[in-house]
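Convention: sequence-line order gives letters A, B, ...; per-chain numbering from 1.
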2 protein chains.
Amino acid sequence: MSGTSLTEVAKAGGVSLATASRVLNPHNEHPVSDEVRARVLAAAASLNYSVNALARGLKVKRTRVFAAIVHDFRDPFFNTVARGVTNAAEAAGYLTVVCDSSRDPDKERRYVQLAQEQRVAGVLFVGGGLTSRSYREAMRQQIATLQSYGAHAIALEPRGSRMPAEIPDNRGGARRATDHLVELGHERIAFIDGPEQVLTSRERRRGYQDGLEAAGIALDERLVASGGFTEEGGRAALVRLLDAGVPFTAIFASNDAMAIGCMVELRARGLAIPHDMSLVGFDDIQTVRWFDPPLTTVRVPMEEIGAAGVARLLALLDADGGEPPGGRLVNVHPTELVVRASTAPPGRGKARS
Amino acid sequence: MSGTSLTEVAKAGGVSLATASRVLNPHNEHPVSDEVRARVLAAAASLNYSVNALARGLKVKRTRVFAAIVHDFRDPFFNTVARGVTNAAEAAGYLTVVCDSSRDPDKERRYVQLAQEQRVAGVLFVGGGLTSRSYREAMRQQIATLQSYGAHAIALEPRGSRMPAEIPDNRGGARRATDHLVELGHERIAFIDGPEQVLTSRERRRGYQDGLEAAGIALDERLVASGGFTEEGGRAALVRLLDAGVPFTAIFASNDAMAIGCMVELRARGLAIPHDMSLVGFDDIQTVRWFDPPLTTVRVPMEEIGAAGVARLLALLDADGGEPPGGRLVNVHPTELVVRASTAPPGRGKARS
DNA sequence: CTGTTAGCGCATTCAT
DNA sequence: ATGAATGCGCTAACAG
């Protein structure tokens with residue numbers, strides 16, 4: 001019921017506890033004779049010995065576990081980043097606790113709390129933070145506590161805290177997407193915004209504004225609606241826009257999930273993409289290439305960002321006790337416009353008339 | 001750097017270590033005066049105290065962590081089940097380590113190993129096991145070791161081991177999907193199989209055979225191709241089937257990912273769904289309802305299965321030391337055919353001619 | 001190269 | 001109702 005302990009392995013191998021530890025602990029440099037080593041290994045194998053990471057962690061004050069807190073497990077954006085994290089972590093011998101906060105700040109807080117109790121070596125926040133003062137203050141406080149326990153925090157989307165971050169170039173990507181539409185000749189471009197209070201939304205909206213401004217097009221607030229980064233929300237936002245009667249020939253949805261919602265609604269109304277309406281998304285989640293038409297979108301290097309976050313964490317961990325590794329606090333990963341078939345010059349579609 | 005310990009809280013609160021433990025440990029029943037309790041709580045709060053779950057776990061020989069091992073993080077089937085698991089676990093105060101094995105048995109083994117070292121309370125296997133003797137033997141061995149350390153293992157897809165399981169009715173669902181096609185008048189129904197060595201594939205294939213048999217249709221092996229449960233694989237399998245020239249009017253893909261691959265290929269060949277070809281999937285992952293046409297598929301209660309797995313684990317944990325809770329070893333969760341627009345009676349489509 | 005020892009932070013007897 | 005003492009399994013000095 002309670003498994004085998006090192007003491008038992010030592011006894012079975014006819015050596016002391018210390019010696020057994022030395023051969024079974026991969027990070028131990030202490031020399032051990034080949035013969036003794038073999039004996040201990042054999043004893044461990046025959047007893048199905050498995051180190052107790054709790055005891056080890058208690059002793060060395062450091063575990064090999066990370067926590068990744070994501071907004072929504074089912075969103076391909078998040079689970080792809082999470083996969084980048086878990087793969088990179090596993091390669092370094094770390095396990096990753098993945099937590100789905102359901103975009104609930106309180107649940108997020110509870111998860112950080114639990115992770116802290118487990119004395120994780122680091123927590124990665126995957127998903128933008130909220131803009132509110134109170135949220136940022138609470139987060140700052142929480143991270144300070146985390147650090148007092150020796151853990152590091154990393155952001156993989158803007159968080160507005162002073163923590164190290166590996167984030168996509170949201171603003172630049174949104175700018176390029178807008179430019180693309182402008183270059184095709186669109187002048188009335190609707191924008192489907194993410195949740196208002198989320199920093200990621202804000203950055204992408206900014207990029208949209210940049211693009212409009214550069215083209216000398218005035219921002220028309222009636223062409224902007226929030227879709228909460230979900231398919232249903234995106235669809236609902238488009239319904240509002242279309243029903244409002246203000247004409248537009250293209251839609252820039254600030255994430256792919258909402259773009260999918262738009263596709264569904266356009267199809268339901270018999271509006272052809274891109275003939276009647278051009279559509280651009282953001283993220284380049286895997287599924288959008290299977291849709292008809294394949295979606296033009298902005299590629300975010302999701303797995304790469306996840307892996308970079310882990311590398312960052314590992315570097316921080318190694319540097320502990322020395323000075324922090326050089327380099328910027330925030331690394332911005334370039335995003336890239338992927339033109340597929342959902343965009344074209346404005347036609348004389350129904351939406352225009 | 002090393003955080004606050006209970007000892008410090010006790011000192012700050014002017015009480016003994018034992019007393020501090022009694023008020024801070026939620027599972028402790030020991031009476032403590034309100035005044036002392038308040039003092040300790042205040043001290044803990046002002047010091048930002050957070051229990052060390054490692055020390056606690058070492059002492060009580062039990063952690064509040066589960067491990068969920070999934071085949072592929074990015075597949076909506078798996079991440080949806082995983083979300084059911086993490087949510088249910090969090091509600092019970094447990095954290096879940098989610099591991100993506102990339103369908104690699106060796107990686108799966110390493111993850112179980114790591115989880116065991118962390119002394120997780122339970123391991124949930126999400127995704128079918130392999131049929132091979134060696135795999136099943138190794139798995140049996142591994143589970144035995146896990147249990148010797150007090151952990152429980154649960155399967156959320158057929159595993160062919162004697163472990164408790166909460167699995168979908170794969171065979172029945174596949175049977176119903178086949179019946180549906182037969183009832184529409186199809187007689188030549190192609191089947192896109194999952195990976196051959198995976199038990200889930202085998203169950204679904206069996207259901208397909210059941211349906212054919214009930215309808216008096218002989219199984220034609222030339223109408224079966226394996227697609228490995230991925231979009232690309234499904235598409236490639238369909239290419240082979242189509243190019244082989246053996247006519248058929250409907251396709252039953254044994255998971256939605258492969259059905260999506262089929263849709264893409266049919267579209268590329270100008271074959272209309274369902275006019276030229278009917279198509280059925282399996283799982284009812286969220287995206288398939290957004291496709292054009294929305295896919296007819298077999299719904300698997302994914303989150304429910306995840307939650308059931310956690311409930312099962314919790315019951316096993318509570319019962320430890322007593323007799324195991326009554327009930328079947330394997331609980332089968334009903335699946336349900338969801339008819340959407342990708343199926344219709346056979347037309348005179350090109351595939352037939 | 002091997003062995004002895006101390007103590008990580010906590011829950012839990014056993015006293016009081 | 002509170003406190004003192006013990007040990008979970010392990011690593012890392014320190015001795016030899």
Side-chain angles (χ1 to χ4, degrees), chain A residues 1-41 43-44 47-64 116-121 148-150 321, chain B residues 1-41 43-44 47-64 116-119 121 148-150:
Chain A
M1 182 50 86
S2 70
T4 310
S5 73
L6 232 204
T7 310
E8 300 174 59
V9 173
K11 200 179 307 170
V15 297
S16 73
L17 174 62
T19 301
S21 170
R22 293 197 263 255
V23 359
L24 263 7
N25 182 342
H27 296 283
N28 190 294
E29 305 284 86
H30 205 98
V32 176
S33 76
D34 285 355
E35 190 236 322
V36 168
R37 175 179 301 278
R39 244 180 23 234
V40 173
L41 253 15
L47 292 172
N48 280 323
Y49 173 74
S50 158
V51 265
N52 185 327
L54 276 61
R56 175 181 286 172
L58 180 58
K59 181 71 188 166
V60 306
K61 293 168 174 300
R62 188 174 167 204
T63 63
R64 291 184 159 269
Q116 178 174 282
E117 292 180 359
Q118 302 294 333
R119 295 297 185 269
V120 299
S148 79
Y149 282 96
Chain B
M1 180 51 84
S2 72
T4 310
S5 73
L6 232 204
T7 310
E8 300 175 60
V9 173
K11 198 178 310 170
V15 297
S16 73
L17 174 62
T19 302
S21 170
R22 292 199 263 255
V23 359
L24 262 7
N25 182 343
H27 297 282
N28 189 293
E29 305 283 89
H30 204 97
V32 175
S33 74
D34 287 354
E35 190 235 322
V36 168
R37 174 179 303 277
R39 241 173 35 226
V40 174
L41 253 16
L47 293 171
N48 280 324
Y49 173 73
S50 159
V51 266
N52 185 326
L54 277 61
R56 175 181 286 173
L58 179 58
K59 183 70 189 167
V60 305
K61 294 168 177 295
R62 188 176 167 198
T63 63
R64 291 183 158 270
Q116 179 174 281
E117 291 180 0
Q118 300 296 331
R119 296 297 187 267
S148 80
Y149 282 97

Under-3.5 Å N/O pairs linking protein and nucleotides 11-13 of chain D:
{"from": "D:dT11", "atom 1": "OP1", "to": "A:N25", "atom 2": "ND2", "distance (Å)": "3.3"}
{"from": "D:dT11", "atom 1": "OP1", "to": "A:R56", "atom 2": "NE", "distance (Å)": "2.5"}
{"from": "D:dT11", "atom 1": "OP1", "to": "A:R56", "atom 2": "NH2", "distance (Å)": "2.8"}
{"from": "D:dT11", "atom 1": "OP2", "to": "A:S21", "atom 2": "OG", "distance (Å)": "2.8"}
{"from": "D:dT11", "atom 1": "O2", "to": "A:K59", "atom 2": "NZ", "distance (Å)": "3.2"}

Q. For DNA chain D, whose closest nucleotide is more 5', that of A:T7 or that of B:V15?
A.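 Of the two residues, B:V15 wins.
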Q) Quick one: does B:H30 reach the base of C:dT12 with a side-chain donor-acceptor pair under 3.5 Å? A) no
Can you measure [X] atom [atom1] to [N] atom [atom2] for me and round it to whole angstrom units?
X: B:N52; N: D:dG9; atom1: CG; atom2: C1'; result: 14 Å
X: B:E117; N: D:dG9; atom1: CD; atom2: C1'; result: 13 Å
X: A:Q118; N: C:dC10; atom1: CD; atom2: P; result: 13 Å
X: B:E8; N: C:dC8; atom1: CD; atom2: P; result: 11 Å
X: B:K61; N: C:dC10; atom1: NZ; atom2: P; result: 18 Å
X: B:L58; N: C:dG7; atom1: CG; atom2: P; result: 17 Å
X: A:Y149; N: C:dC8; atom1: OH; atom2: P; result: 15 Å
X: A:R119; N: C:dC8; atom1: CZ; atom2: C1'; result: 12 Å

Q. How about A:E117 and B:S50: does a side-chain donor come under 3.5 Å of a side-chain acceptor?
A.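 No - no donor-acceptor pair under 3.5 Å links their side chains.
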Between [X] and [Y], is there a donor-acceptor pair closer than 3.5 Å when you use the side chain of the first and the backbone of the second?
X: A:S148; Y: B:G3; result: no
X: A:R119; Y: B:V51; result: yes
X: A:R22; Y: A:H30; result: no

Q.
Please report the interatomic distance CG(A:L6) to CG(A:L47), rounded to the nearest 0.5 Å.
A.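 That separation rounds to 11.0 Å.
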Q.
Could you measure the distance from the CZ atom of A:R62 to the NE2 atom of A:H27? Nearest 0.5 Å is fine.
A. 8.0 Å
Q. Are any of A:S16's side-chain N or O atoms less than 4.0 Å away from OP1 or OP2 of C:dG3?
A.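 Yes, such a contact exists.
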(Q) So, does A:T19 get its side chain near the phosphate of C:dG3, meaning an N or O under 4.0 Å from OP1 or OP2? (A)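 For A:T19, the contact criterion (side-chain N or O under 4.0 Å from OP1 or OP2 of C:dG3) is met.
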Q. Is there side-chain contact between A:Y149 and B:N52, with at least one heavy-atom pair below 4.5 Å?
A.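 No, every pair of side-chain atoms sits at 4.5 Å or beyond.
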